[in-house]
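Heads up, the thing below is written out as structure tokens.
As the structure lists them, so they are numbered: ligands from 1, and atoms in each ligand from 1. Quantities reported herein were computed from a predicted structural model and do not represent experimental measurements.
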Amino acid sequence: MEDLNWVYTENVKDHFMNPRNVLEDLESYDYDGFGKTGNVKCGDEMIFVIKVDSEKQIITDCKWKPYGCASAIATTSKLSEMVTGMPLKEAYRISPRDIVDELGGLPDNKIHCSVIEDKAL
Ligand code: FES
């Protein structure tokens, strides 16, 4: 019997194959906030940088650099879309579950991959 627990949604596959807002060069990106985190169990790492309109307290742009699995890439790509244009306070309250829901789900054994970018943000 086929193990359907490993089936990814079309949305997850799209964000993995066509990741949005990937950081090309940290040196040339003039960011206001920098976050870096990793998962010691799998060795994956994530950098997430944001630009902020300090007067309005809104994230005006963000980029990220992945060293991770397909699920980490897809969830970070989705998160980067979600927080662009969002007030900082609102972005701070986004949970890994919110990101997974926006993607239409992740296999149960890959849910932990959605935490890495949440922590970096
Ligand atoms: Fe490490 Fe997915 S296996 S974040």
TODO: To the nearest 0.5 angstrom, please state how far the OG atom of S77 sits from the CG atom of N18.
DONE: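 So the OG of S77 and the CG of N18 are separated by 8.5 Å.
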
Open item on the list: Please report the interatomic distance CD(Q57) to NZ(K89), rounded to the nearest 0.5 Å.
Closed with: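 Atom-to-atom, Q57:CD and K89:NZ are 8.0 Å apart.
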
Task: Residue and atom name of the nearest protein heavy atom (relative to atom 4 (S) of ligand 1), distance in Å to one decimal - done: D44 OD2, 2.9 Å

Task: Closest contact, heavy atoms only, C62 versus S80 - done: SG-O, 3.4 Å

Open item on the list: For a distance under 2.8 Å, tell me if H112 has an N/O/S atom near atom 2 (Fe) of ligand 1.
Closed with: no

Open item on the list: Can you tell me if, anywhere in C42, an N/O/S atom lies at a distance from atom 2 (Fe) of ligand 1 that is smaller than 2.8 Å?
Closed with: no

Task: Residue C69 vicinity, atoms of ligand 1 by number, heavy atom under 4.0 Å - done: 2 (Fe), 3 (S), 4 (S)

- [ ] Dump the intermediate steps for side-chain hydrogen bond (donor to acceptor under 3.5 Å, both in side chains) on Y31 and D61, then the final yes or no.
- [x] CA-CA 9 Å; Y31 56 87; D61 193 48; over 6 Å; no

- [ ] Have a look at ligand 1 and work out which part of K110, if any, has a heavy atom under 4.0 Å from it: side chain, backbone, both or neither.
- [x] side chain

Task: Side chain D44, main chain C69, donor-acceptor under 3.5 Å - done: yes

